[in-house]
Amino acid sequence: MWWGACLILAGASLPLVVGLANDGGPLPHRGDLTAEERTRVEAITRMTTDFEEAEAYEARSAGAGSSLKYVNRNAFSNPQMNLSFEQEQDFKLGNGIFRKLWVSSPSSTRASDGLGPLYNARSCQRCHVKDGRGQPPANNQVDAVSMFLRLSVPPLTETDRRALAEKRLLRIPEPTYGGQLQNFALPGIPPEGRMVIDYVEQPVRLADGTTISLRQPNYSIADLGYGPLHPEAMVSPRVAPPMIGLGMVEAIHPGDILAWADPEDRNGDGISGKPSWVGFDESGEPVLGRFGWKASTPNLLAQSADAFAGDIGISTALNANPYGDCTEAQTLCRNAPHGEQADLGASEAPDPLLDLVAFYSGNLGVPARRHVGDPQVLAGKALFYEAGCVACHRPKYVTRRDAADKQHAFQLIWPYSDFLLHDMGEGLADGRPVGDASGREWRTAPLWGIGLTETVSGHTFFLHDGRARSLLEAILWHGGEAEASRDAVVAMTEEERDALLAFLKSL
């Protein structure tokens, strides 16, 4: 065994074991590394072919930031283990703002007013309960909280088409209802409507005779508060994703993501992941999206500002509208009192609130894995690789040496995603393009922490709309580029499926 560059784990200098090399080839794009470091990173990130034992540091899903705290319902709410004392203070302040309940304006609680006027939740925590995964409402009489509907229309004018082509917009909001359906509103203002889901069960027969029932959702909107939707309106559901490991994802070098892009499938493997370009920086360089179900957001600051505006109706320095997602057609909403107060700052969430929420979001620790050396887990890992799942769910990266936050720098992490867009087939298609993502394409979802979903969130609903009631159902929904991998799972014996699921639950 050969030893290379060092990762800082749990406050001690621990060498980065170099085993097998990255099958993506040399990393000339990694300008943050020396030639020697590139060689070592290539080695440690190559996918293994040895499933007899766990890989070195495989249990530390997020390197030195991995949470070693006791696994319980708070497992996703712990800070990264490598924060400084000062950073822990910022983390706790950010946590307080993340949990803050916003109220309507005007209010005696001047630092907390500005809610809505239209909104989906009164706090970040209401959507991301325990920093975990959202879920569909139990039935159509229950208001959705950790799930909502995105809205848009095709480009209707030349101005719309130009804005999309120039990446000034990634989608055109529905003219009356905006970019998101808000099912709550302040007193005296009609909410926009209520999401309705109707499921149709679809049986799938596995090779060993087992029958699994999948539920196909159909979405509609009841009680529209501002008249009919545009006739070409497109609707797409979203559950709130888990919050762990986001800062580490932001610290992945963009070149490491682009190295796996193959939009034309030039290598003929059936996998044609493509990057999501979401705009241009100040120098005119394209910006890579990596957050959200369609990789439509480039960084955590933008993600946090969008959530403040769209979900809660709170303005920030990056999204200055105090009326949130209200459109010109919603005059009561536009004319309602807002929470901007000159003596407190230029927005309803003035500096440094947005920065603190983004810091909190970026430093929630990924729980260390369990049972990495268990024979059944190792057998399941081998099956995961053999089925071709790793073609999209890329296991590991070494984050950039020059990451903006030192606690994220030069860490061996295991998110199990390539962060690219893939055609997932007609079964999962939402028919709603967003930027470079077509109506059939989704970003590969990271898998770290997925085995703790029930522990943290109290349910086992998966995929972008929570339609899958188990990990097996989620796999069976895979189509398009993932069809061959799904078929490999369909062909497995019960013992093999159990091993595969044991591996996923260990993540």
Side-chain angles (χ1 to χ4, degrees), residues 71-77 120-121 124-150 180-181 183 194-204 211-220 235-245 291-294 307 311 364 366-367 389 393 416-417 424-425 427-430 442-479 482 486 489 497 500-507:
V71 172
N72 55 23
R73 201 177 174 210
N74 295 313
F76 287 179
S77 299
N120 292 105
C124 306
Q125 180 75 199
R126 288 285 177 93
C127 285
H128 302 275
V129 179
K130 294 291 184 180
D131 303 293
R133 186 182 302 269
Q135 61 180 308
N139 56 61
N140 288 327
Q141 282 67 54
V142 176
D143 285 315
V145 176
S146 58
M147 179 180 181
F148 55 79
L149 293 175
R150 295 283 196 202
Q180 186 168 310
L181 184 79
N183 53 335
R194 180 171 52 85
M195 176 171 56
V196 176
I197 314 174
D198 294 308
Y199 294 104
V200 177
E201 295 289 337
Q202 298 180 345
V204 174
T211 298
I212 304 295
S213 185
L214 305 182
R215 56 178 190 172
Q216 172 72 58
N218 296 297
Y219 296 93
S220 59
V235 175
S236 183
R238 299 285 190 275
V239 297
M243 299 290 295
I244 55 174
F291 295 106
W293 288 103
K294 295 216 176 202
D311 301 346
L364 285 159
V366 181
C389 304
H393 290 284
Y416 284 89
S417 173
M424 294 300 293
L428 287 178
D430 66 349
W442 301 92
R443 181 200 70 159
T444 305
L447 297 181
W448 53 8
I450 198 167
L452 293 176
T453 299
E454 186 170 16
T455 299
V456 171
S457 300
H459 66 79
T460 56
F461 297 118
F462 300 102
L463 300 178
H464 67 282
D465 56 2
R467 70 177 68 184
R469 294 162 291 194
S470 68
L471 288 171
L472 181 56
E473 283 189 30
I475 294 168
L476 295 176
W477 272 111
H478 283 49
R486 180 203 63 197
V489 175
R497 285 198 308 274
L500 175 65
L501 296 174
F503 166 69
L504 292 174
K505 290 174 182 177
S506 78
L507 295 178

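Since the structure is predicted, the reported quantities are computational estimates derived from the model, not experimental observations.
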Flag side-chain contact, heavy atom, 4.5 Å: [X] against [Y]:
X: I197; Y: P137; value: yes
X: F76; Y: P242; value: yes
X: T460; Y: L471; value: no
X: T444; Y: H393; value: yes
X: V204; Y: T211; value: no
X: R73; Y: T455; value: no
X: L149; Y: Y219; value: yes
X: P367; Y: I244; value: yes

Spacing of [atom1] belonging to [X] relative to [atom2] belonging to [Y], to within rounding of 0.5 Å:
X: S506; Y: I450; atom1: OG; atom2: CD1; result: 11.0 Å
X: D143; Y: M195; atom1: CG; atom2: CE; result: 9.5 Å
X: S417; Y: L447; atom1: OG; atom2: CG; result: 7.5 Å
X: S236; Y: L181; atom1: OG; atom2: CG; result: 12.5 Å
X: W448; Y: L507; atom1: CH2; atom2: CG; result: 11.5 Å
X: I212; Y: E201; atom1: CD1; atom2: CD; result: 11.5 Å

Any luck finding a side-chain donor-acceptor pair between N218 and Y199 under 3.5 Å?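 The criterion, which ignores hydrogens and geometry beyond distance, is not satisfied for Y199 and N218.
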Side chains of S213 and R215: do they bring a donor and an acceptor to under 3.5 Å?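 The answer is no; no qualifying pair exists.
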Over all atoms of both residues, closest heavy-atom pair of [X] and [Y]:
X: T453; Y: R133; value: OG1-NE, 3.8 Å
X: S146; Y: G134; value: OG-CA, 3.4 Å
X: R497; Y: L472; value: CD-CD1, 4.2 Å
X: Q135; Y: M147; value: O-CB, 3.7 Å
X: D465; Y: P136; value: O-CG, 3.5 Å
X: V239; Y: G466; value: CG1-N, 3.9 Å

As a quick check of understanding, evaluate salt bridge (Lys or Arg N to Asp or Glu O under 4.0 Å) for R469 and E454, giving each step before the final call. CA-CA 11 Å; R469 294 162 291 194; E454 186 170 16; over 6 Å; no
Test side-chain contact (heavy atoms from CB on, under 4.5 Å) on Q202 and Q216 and set out the steps. CA-CA 7 Å; Q202 298 180 345; Q216 172 72 58; 3.6 Å; yes
Walk me through it: do D430 and W442 pass the test side-chain contact (heavy atoms from CB on, under 4.5 Å)? CA-CA 10 Å; D430 66 349; W442 301 92; 3.6 Å; yes
Would Q180 and N120 count as a side-chain contact (heavy atoms from CB on, under 4.5 Å) here? Give the steps. CA-CA 9 Å; Q180 186 168 310; N120 292 105; 2.7 Å; yes
Assess R467 against W477: is NZ or CZ under 6.0 Å from the centre of the six-membered ring, and within 45 degrees of the ring's axis?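 R467 over W477 ring: yes.
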Within 6.0 Å of NZ in K130, more than 12 heavy atoms from elsewhere: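 For K130, atom NZ is crowded (more than 12 foreign heavy atoms under 6.0 Å).
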Take D131 and V456 through the test side-chain contact (heavy atoms from CB on, under 4.5 Å) and record every step on the way to the result. CA-CA 8 Å; D131 303 293; V456 171; over 6 Å; no
Without swapping roles, check the side chain of R150 against the backbone of R238 for a donor-acceptor pair under 3.5 Å.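 The answer is no, because no donor-acceptor pair under 3.5 Å joins these two groups.
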Counting only N and O atoms by type, is there a donor-acceptor contact under 3.5 Å from the side chain of N183 to the main-chain atoms of A144?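 Judged by distance alone, yes, a pair lies under 3.5 Å.
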Give me the ring orientation class for H464 and W293: parallel if the planes are under 30° apart, tilted from 30 to 60°, perpendicular past 60°.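 Plane angle over 60°, so perpendicular.
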